[in-house]
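To keep things clear, I will list the structure first and then write my remarks on it.
Reckoned from all heavy atoms, side chains included, excluding hydrogens, waters and symmetry mates. Reminder, nothing fancy here: chain letters follow the sequence lines and each chain counts from 1.
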Protein chains: 2
Amino acid sequence: MIKYSELKNILKQHNLRVTDCRMDVLEYFIKNNQAFSFKNLEDEFEKYDRVTLYRTLNSFTENGVFHKIPSDTGVVTYGVCSTTCSPQSHNHNHMHFQCNCCGKIECLAEDQIPEIKLPHYEVMEVDMIIKGMCPQCI
Amino acid sequence: MIKYSELKNILKQHNLRVTDCRMDVLEYFIKNNQAFSFKNLEDEFEKYDRVTLYRTLNSFTENGVFHKIPSDTGVVTYGVCSTTCSPQSHNHNHMHFQCNCCGKIECLAEDQIPEIKLPHYEVMEVDMIIKGMCPQCI
DNA sequence: ATTATTAATGCAACAATATTGCAATTATAT
DNA sequence: ATATAATTGCAATATTGTTGCATTAATAAT
């Protein structure tokens, strides 16, 4: 269980004001340790206006608290950035796992991403989406 | 330049009727050798109704002619599947490159995808999104 | 602790994106 | 050439995301 003061510090470290909505959303992501879409949040936090949730996701993304996770469904999900990310130096290499059974999306350790070399290209960022079965569903 | 009869064969091989819209869309993808979004098609093919283009993309995807390319913008783009793909056996490993400069999205050779091993997980499909600069933009 | 300043929230309206039903049309098989 | 079955275009609808603005709340300054 993450402490209130820790959540607060994360917001402050990213130059974000501390508000109820931001605290609740951030806590929800961290305590579940998985990625969520806007729709997930809308269902979970009916007490907040849709627009506020959109803006929360946007400000978190712009300020390096969250990163967007690519998907081929048109539905973007968001994950908490590793602690080394900031608005200035954002770690752009991510590895994500999506379970075909329960649908859960997780962020996996970045150091597992193999180095990619492409002749004639300049590689700046690598994002891997791995689909399959998670330990709980096997 | 791809021949009319070849395009026709691709459609027939995937159990799709040959229509003007499908021929035009497929030719557009193949001759440009890159990925396009719905929006791209809508701009290119004003002669066809938006709904028809949506349905064309969906039928191509469902029948293994196209595959969807993940993105973190919420805009899905589509790429032509390799010739070995069919509705029955679809090759699910893809490597895509998106140029941060010109925006072009390309499908890269599948054999360049490194094998991923995740303890406790069952990996079924790997999709890599690589961002950077393409040869033309460097 | 109180006040001034600045930012976030909620609401309404709007914009963009995607889907469905159905009649008319077109493609394929016979 | 005709029958059958699928695709198209249009209209309506649903879903998803954004903007402007008055009110409210959070931080900084006193």
Side-chain angles (χ1 to χ4, degrees), chain A residues 4-28 35-78 87 105, chain B residues 4-28 35-66 68-78 87:
Chain A
Y4 183 83
S5 60
E6 289 181 57
L7 290 173
K8 218 162 148 176
N9 278 339
I10 294 174
L11 293 180
K12 287 189 182 281
Q13 278 158 21
H14 292 86
N15 300 313
L16 291 168
R17 284 198 177 187
V18 177
T19 68
D20 290 352
C21 182
R22 286 175 181 168
M23 291 289 280
D24 286 350
V25 169
L26 183 56
E27 183 192 30
Y28 186 63
F36 293 107
S37 66
F38 165 78
K39 186 70 169 57
N40 294 146
L41 293 188
E42 193 184 20
D43 295 340
E44 178 69 23
F45 297 107
E46 293 184 6
K47 60 187 286 200
Y48 299 115
D49 192 85
R50 290 163 25 81
V51 177
T52 302
L53 292 173
Y54 272 117
R55 291 196 268 226
T56 298
L57 285 173
N58 288 339
S59 64
F60 279 7
T61 305
E62 285 160 12
N63 290 279
V65 182
F66 286 176
H67 62 276
K68 292 182 174 188
I69 299 171
S71 109
D72 58 13
T73 63
V75 176
V76 176
T77 59
Y78 298 80
I105 297 174
Chain B
Y4 182 83
S5 60
E6 289 181 57
L7 290 172
K8 218 161 148 176
N9 278 338
I10 293 174
L11 293 181
K12 286 187 181 284
Q13 278 157 21
H14 291 86
N15 300 314
L16 291 168
R17 285 198 177 189
V18 177
T19 68
D20 289 353
C21 181
R22 287 176 179 167
M23 290 289 281
D24 285 352
V25 169
L26 183 57
E27 183 192 31
Y28 186 63
F36 294 107
S37 66
F38 165 77
K39 187 69 168 58
N40 293 146
L41 292 188
E42 192 183 20
D43 294 341
E44 179 69 23
F45 297 107
E46 293 184 7
K47 58 186 288 201
Y48 298 116
D49 191 83
R50 291 163 30 79
V51 177
T52 302
L53 293 172
Y54 273 118
R55 290 197 266 226
T56 298
L57 285 174
N58 288 339
S59 63
F60 278 8
T61 305
E62 285 160 13
N63 289 279
V65 182
F66 286 177
K68 292 181 174 188
I69 299 171
S71 108
D72 59 12
T73 63
V75 176
V76 176
T77 59
Y78 298 81

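- The CG-C1' distance, from B:Asn15 to D:dT7, rounds to 16 Å in whole Å.
- The phosphate of D:dT7 has OP1 or OP2 within less than 4.0 Å of a side-chain N or O from B:Arg22.
- Between B:Lys47 atom NZ and D:dT8 atom P the separation is 12 Å, expressed in whole Å.
- Checking the phosphate oxygens (OP1, OP2) of D:dT7, no side-chain nitrogen or oxygen of B:Thr19 falls inside 4.0 Å.
- Between the NE2 atom of A:His14 and the P atom of C:dA7 there is a distance of 19 Å, rounded to whole Å.
- Both A:Tyr48 and B:Asn58 lie close to DNA chain C; mapped to their nearest nucleotides by heavy-atom distance, the more 5′-ward contact belongs to A:Tyr48.
- Counting only heavy atoms from C-beta on, B:Arg55 has its side chain closest to D:dC10 among D:dG17, D:dC10, D:dA26.
- One interatomic measurement links the two molecules: CG of B:Leu11 to C1' of D:dT7, which rounds to 13 Å at whole-angstrom precision.
- Taking atom CG of A:Asp49 as the reference point, atom P of D:dT23 lies 17 Å away to the nearest angstrom.
- Close placement of the B:Tyr28 and B:Phe36 rings is indicated, their centers lying within 6.0 Å of each other.
- Below 30°, between 30° and 60°, or above 60°: for A:Phe38 and A:Tyr54 the angle between ring planes is below 30°, a parallel geometry.
- Here the CG-CE distance, from A:Leu7 to A:Met23, works out to 4.5 Å after rounding to the nearest 0.5 Å.
- At a cut-off of 3.5 Å, with distance as the only test, a side-chain donor of B:Ser37 or B:Asn40 sits close to an acceptor on the other residue.
- Side chain A:Arg50 to base C:dG10: no donor-acceptor pair is found below 3.5 Å.
- At whole-Å resolution of the value, CG in A:Asn63 and P in C:dA7 are 13 Å apart.
- Residue side chain A:Arg17 reaches the base of C:dT6 through a donor-acceptor N/O pair under 3.5 Å, judged by distance alone.
- The distance from atom CG of A:Asp20 to atom C1' of D:dT24 is 12 Å, rounded to the nearest whole Å.
- In summary, the side chains of A:Asp20 and A:Tyr48 do not present any donor paired with an acceptor at a separation below 3.5 Å, with no hydrogens or angles considered.
- Judged by closest nucleotide on DNA chain D, B:Leu53 is the one of A:Leu16 and B:Leu53 placed further toward the 5' end.
- In terms of position on DNA chain C, the residue among B:Val51 and B:Val18 whose nearest nucleotide sits closer to the 5' end is B:Val51.
- Residue A:Tyr54 contributes atom OH, which lies 17 Å from atom P of C:dA15 at whole-angstrom precision.
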